[in-house]
Amino acid sequence: MSKANILEIFLSVQGEGKYLGCRQIFVRFADCNLNCAYCDTNFARADFCKVETAAGSMIFRDEKNPLDAAQVVEIINNLGGDVPTQAVSFTGGEPLLHWQFIKEISSAIKNFGMKVFLETNGTLYKEFEKISDAIDIVSMDIKLPSVVGKNLFDLHEKFLRVAQGKDLYVKIVITGETTLEEFLSAVDLIAAVDEEILLILQPVTPIGRICVASAEKILSLQAAALRNLKNVRVIPQTHKFINLL
Ligand code: SF4
């Protein structure tokens with residue numbers, strides 16, 4: 001049975017992207033293969049996983065890491081209770097670093113009537129290929145060079161081609177440092193795969209010294225993207241407005 005180092009399991013509403021507001025259970029894994037400038041997540045491994053004791057309570061109990069698959073399935077079942085819950089969202093860190101674990105618990109999640117939702121940085125396409133059948137919804141980030149300090153477009157394109165045909169949308173976080181050139185390269189990359197893929201521009205949530213983008217800049221980037229893509233929306237992170245996890 002697979003085991004994984006998990007940082008948190010809790011119930012909330014999806015605060016980003018296409019499924020904004022849907023009731024979901026979040027499984028937040030440790031470990032990431034990137035180091036983004038705006039990252040607000042501590043993804044270092046921990047001795048204990050924080051498990052929310054009841055939906056929205058923000059009261060947690062500690063479970064010793066690593067957790068095994070059966071343990072996580074039971075936690076998901078208990079947290080969901082008898083309220084219809086749209087999906088279990090695997091997030092991180094980078095959840096695809098734990099692809100075997102996700103594969104092992106996905107059928108139990110579907111048996112509970114929930115979808116399997118993957119929030120990924122869109123770089124580990126080989127890992128995704130191994131569990132593509134188990135994933136219902138993919139929220140894929142494109143990380144711009146101004147954020148990660150390197151060009152990941154080749155990996156992103158490979159990922160998009162493997163995930164194409166799924167319920168898939170792409171998210172790009174926009175900061176004050178986002179350049180038109182890198183943004184248009186990302187748009188071209190998506191359009192080359194499929195111009196129908198939904199693109200969400202997510203204005204960066206202000207933390208620390210991060211430089212936010214002006215309204216004018218965000219709208220001009222949306223206009224530029226709409227020349228090549230059919231569906232481009234601007235949606236900020238919303239859960240933080242109402243103090244949800
Ligand atoms: S991919 Fe996500 S978790 Fe990893 S460094 Fe970037 S923002 Fe943080």
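We're numbering straight along the sequence, starting at 1. Remember, it's 1-based here, ligands and their atoms both numbered in the order they're listed. Worth knowing before you read on, the calculation uses all heavy atoms, side chains too, and leaves out hydrogens, waters and symmetry mates. Computed from a predicted model, the values in this text were never measured in an experiment.
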Specify the protein heavy atom at minimum distance from [atom]: its residue, its atom name, and the distance to 0.1 Å.
atom                    : result
atom 8 (Fe) of ligand 1 : C39 SG, 2.3 Å
atom 4 (Fe) of ligand 1 : C32 SG, 2.3 Å
atom 3 (S) of ligand 1  : G93 N, 3.6 Å

Original post:
Do the rings of Y19 and Y169 sit parallel, tilted or perpendicular, given the 30° and 60° boundaries?
Top reply: tilted
Original post:
Heavy atoms, side chains only, cut-off 4.5 Å: are Q202 and D141 in contact?
Top reply: no
Original post:
Where does N35 meet ligand 1, judged by heavy-atom distances below 4.0 Å: at the side chain, the backbone, both, or neither?
Top reply: backbone
Subject >> Location of contacts on K143 toward ligand 1, heavy atoms closer than 4.0 Å >> reply: side chain
Original post:
Counting each atom of ligand 1 from 1 as listed, which ones have a heavy atom of L34 under 4.0 Å away?
Top reply: 5 (S)
**OP:** Could you list which atoms of ligand 1 come closer than 4.0 Å to a heavy atom of N121?
**Re:** 1 (S)
Original post:
Is it true that F159 and F128 have ring centroids separated by less than 6.0 Å?
Top reply: yes
**OP:** Give a yes or no on whether K150 atom NZ has more than 12 heavy-atom contacts from other residues, nucleotides or ligands under 6.0 Å away.
**Re:** no
Original post:
Looking at I142, L160, N121, T123, which one forms a side chain to side chain contact (heavy atoms under 4.5 Å, CB included) with L155?
Top reply: T123
Subject >> 2.8 Å cut-off met by an N, O or S atom of C36 to atom 6 (Fe) of ligand 1 >> reply: yes
Subject >> Electrostatic pair K18:D167 at N-O distance under 4.0 angstrom >> reply: yes
